[in-house]
Number of protein chains: 2
Amino acid sequence: MNDVARAAGVSLKTVSNVLNEYEFIRPATKQKVLDAIAELGYEANLTARSLRSGKTRMLGLVLSDLSIPYYAELASRLMNVAAGRGYRVLVEQSGATAAHELSALQGPFRQLTDGLLFTPLTLDAGTIAAHRGAKPVVMLGEHIADLRFDLVTMKNAEAAAAITAHLLSGGRRRIAVLGAAAGDTADSPGLRLNGYRQALKAAGVEFDPALVVECDWRRDGGASAVGGLLGSGVPFDAVFGLNDAIALGALHELLIRGIQVPDDVAVAGFDDIEEARFASPSLTTVSPGMAEIAERSIALLIDRIEGAEPAAEGLRIEAGFELKIRDSAP
Amino acid sequence: MNDVARAAGVSLKTVSNVLNEYEFIRPATKQKVLDAIAELGYEANLTARSLRSGKTRMLGLVLSDLSIPYYAELASRLMNVAAGRGYRVLVEQSGATAAHELSALQGPFRQLTDGLLFTPLTLDAGTIAAHRGAKPVVMLGEHIADLRFDLVTMKNAEAAAAITAHLLSGGRRRIAVLGAAAGDTADSPGLRLNGYRQALKAAGVEFDPALVVECDWRRDGGASAVGGLLGSGVPFDAVFGLNDAIALGALHELLIRGIQVPDDVAVAGFDDIEEARFASPSLTTVSPGMAEIAERSIALLIDRIEGAEPAAEGLRIEAGFELKIRDSAP
DNA sequence: GGCCTAGCCTATAACGTTGTACAAGCTATG
DNA sequence: CATAGCTTGTACAACGTTATAGGCTAGGCC
């Protein structure tokens with residue numbers, strides 16, 4: 001920057017002012033500086049800028065694992081939206097462990113970023129509140145439902161109810177639910193299960209706890225859950241995987257065992273990951289408005305970062321959803 | 001750091017020395033400093049450290065799109081390996097456009113990272129060489145095969161030959177190849193196609209250009225390619241997708257049209273993404289040793305960063321591969 | 001004519017670390 | 001007991017920016 005200043009015959013600070021689009025600079029001076037910059041191929045040192053300004057123009061994204069398609073697709077979108085607003089996204093994988101989540105919340109990772117998009121899976125609201133630090137944090141997902149936090153989420157219960165209603169409208173009466181979590185009522189599994197129960201009730205179909213199976217939210221979780229169900233002899237004519245990975249694993253297992261989908265058993269999921277469209281048969285699921293989630297969570301976080309007041313209360317944003325009826329449950 | 005120094009009754013630099021594990025510090029002094037650090041909850045400012053040292057301890061990873069499963073899985077592994085060595089990974093999506101690739105190579109992104117893992121798809125070796133800058137760059141993939149660069153790649157031709165041989169051994173004689181790129185001989189499509197041709201030759205099966213179809217390396221590319229092939233009336237009894245996404249798209253399209261897999265047509269892919277295991281039928285493919293690629297590329301890049309000499313010539317690392325025989329082509 | 005304001009630019013001091021150079025204390029040696 | 005050599009600690013400058021405060025000019029107003 002010194003060289004640029006010398007070449008343009010102005011002071012260091014004037015070059016800085018040009019770069020920062022300071023208002024009161026004569027066009028002629030500005031041009032001289034820009035010419036010098038172009039000639040010397042100067043690029044501002046971002047580290048020094050960060051040190052002085054206290055901003056890194058990076059956003060932190062904490063998720064359990066990038067290799068999970070839902071998170072990969074979300075991360076990709078978030079990065080594109082953030083780039084449009086002049087920010088980068090630094091991703092941290094927590095592996096869904098409390099220790100990693102905590103270190104992402106308060107460790108060096110936090111220093112590198114101006115704000116955090118946080119998908120907690122294990123930490124509770126109290127712990128997060130105690131360690132959230134001064135910089136803005138926006139929660140993604142449902143694990144935290146607390147007015148102290150900004151939260152971007154989806155209409156879990158409504159969407160689950162809608163897809164359950166769709167299965168019911170197709171004449172299914174014994175709809176197995178895969179991916180429940182014991183005792184949960186407020187997190188994604190609980191909310192979606194709740195939507196399922198609402199839809200049953202609305203249709204006058206009795207709820208059977210034997211149809212609710214716990215499992216990991218992964219393909220192999222769904223596969224073994226449906227295997228267990230078949231082994232137990234509980235009859236069912238449809239499977240609702242609480243996310244697409246579970247549903248796809250279940251679909252795979254059903255087909256391996258020679259069960260026809262959707263003729264014998266219909267299958268539905270939740271998330272609308274790309275893979276769902278190309279499964280065989282293609283997977284009926286619900287699209288939770290990922291584009292909207294990405295747009296609005298980035299916008300909210302950047303507003304918190306750049307906005308003056310620290311916002312007394314958390315904002316709650318719920319993205320809309322859309323049913324994707326495909327061949328696994330037409 | 002000032003506060004810590006004052007609390008411990010030592011100088012600023014002594015605190016810095018403790019943090020940097022400088023050798024000549026009396027245990028008593030060191031303990032005083034550590035106590036003060038613990039009491040005050042001090043954390044070193046990474047930005048200042050970067051400014052002073054010129055290192056960020058971040059590695060750049062340039063790929064086309066994180067929502068592509070292969071890249072998502074690779075990124076996830078790379079991040080874990082890097083974390084084990086005290087580095088973070090900053091991901092940049094190029095969208096496979098030359099402009100983005102170039103800006104990732106020489107723009108501000110470069111400043112933020114000590115070295116680059118670069119998956120070029122459009123830029124040629126000359127352009128990259130001209131703009132690579134001073135910091136280390138390790139190439140991933142096959143697009144660049146040039147002794148000037150460090151390169152971590154896989155045994156494309158051998159693996160493609162092996163999987164083709166497997167299809168041949170199953171009695172298939174008309175194996176369609178999806179995902180070729182016109183004129184290419186040195187990039188992934190070209191190398192894999194070449195392996196296919198070698199295997200045909202070794203088995204004494206004549207090569208038929210009508211079986212080679214160009215398409216995007218995505219699920220819908222594979223789907224429309226196989227659709228085109230069926231429409232053209234060219235007979236085939238197997239499909240080799242040059243990556244798993246293509247193969248999965250093709251598989252989907254075949255099943256939709258009522259073609260039995262593997263009875264009528266066998267399907268094979270390349271990459272062994274997680275999705276392949278859970279496709280229905282599960283996808284026969286080749287695992288290109290992603291774990292090895294992740295380990296070795298990070299190790300190489302960090303060696304280049306921390307090593308003294310800038311390494312006159314590029315190193316070439318080829319990971320091993322493994323056939324994954326599944327139901328789509330048993 | 002003197003004073004004030006707006007517009008434009010600059011000198012200097014930070015931001016929080018690490019590298020360099022050197023000083024002080026201690027031990028071993030002749 | 002002086003000296004050399006090692007160990008341990010310190011002061012100061014530097015990394016490349018931006019913030020603060022203020023200087024200088026030109027024009028308008030009383």
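A, B, ... follow the sequence lines: proteins, then strands. Residue 1 opens every chain.
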Pairwise N/O distances under 3.5 Å, protein to nucleotides 24-26 of chain C:
none

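Listed by first and then second residue, the salt bridge (charged side-chain N to carboxylate O under 4.0 Å, His left out) pairs that reach into residues 119-128 of chain A come to none, sequence neighbours excluded. Sorted by first then second residue, the salt bridge (charged side-chain N to carboxylate O under 4.0 Å, His left out) pairs that include residues 59-77 of chain B, not counting sequence neighbours, number zero.
The structure places OG1 of B/T47 at 15.5 Å from CZ of B/R52, a figure rounded to the nearest 0.5 Å. For the atom pair CG of B/L121 and OG1 of B/T97, the computed distance is 10.0 Å after rounding to the nearest 0.5 Å.
Inter-axis angle, ends of the helix from C/dG1-D/dC30 to C/dG30-D/dC1, five pairs per end, rounded to 10 degrees: 60°.
Among residues two or more places apart in sequence or in another chain, the side-chain contact (heavy atoms from CB on, under 4.5 Å) test is passed with A/S16 by A/M1, A/K13, A/N20.
When the options B/V10, B/L34, B/I37 are evaluated for a side chain to side chain contact (heavy atoms under 4.5 Å, CB included) with B/V4, the one that passes is B/I37. Of the candidates A/Q111, A/E101, A/H131, A/Q106 forms a side-chain hydrogen bond (donor to acceptor under 3.5 Å, both in side chains) with just one, namely A/H131.
Rounded to an integer number of Å, the gap from A/K30 NZ to C/dT10 P is 16 Å. When the C1' atom of C/dC15 is taken as reference, atom CD of A/Q111 falls 13 Å away, rounded to whole Å. Summarising the geometry, the separation between OH on A/Y22 and P on C/dG7 is reported as 10 Å, rounded to the nearest angstrom. The NZ atom of A/K32 sits 11 Å away from the C1' atom of C/dC9 (whole-angstrom rounding). Following rounding to the nearest Å, B/F24 (CZ) and D/dT8 (P) show an atom-to-atom distance of 7 Å. Separating the CZ atom of A/R6 from the P atom of C/dC9 is a distance of 19 Å, rounded to the nearest angstrom.
Side chains of A/L140 and A/V152 form a contact here, defined as non-hydrogen atoms less than 4.5 Å apart.
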Do nucleotides 13-18 of chain D as a string where each nucleotide becomes B, S or -: B if the base has a protein heavy atom under 4.0 Å, S if just the sugar-phosphate does, - if no protein is that close.
BBBBBB

Check against side chain to side chain contact (heavy atoms under 4.5 Å, CB included), B/L105 and B/F118:
CA-CA 8 Å; B/L105 191 60; B/F118 192 25; 3.9 Å; yes

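Phosphate proximity of C/dT10 to A/T14: present, with a side-chain N or O under 4.0 Å from OP1 or OP2. Under 4.0 angstrom from either OP1 or OP2 of C/dC15 there lies no side-chain N or O belonging to A/S50.
Minimum interatomic distance between A/A82 and A/I298 (heavy atoms only, all atoms of both residues): CB-CD1, 3.9 Å.
With respect to the salt-bridge test (charged N to carboxylate O, under 4.0 angstrom), the residues A/D35 and A/K32 do not qualify.
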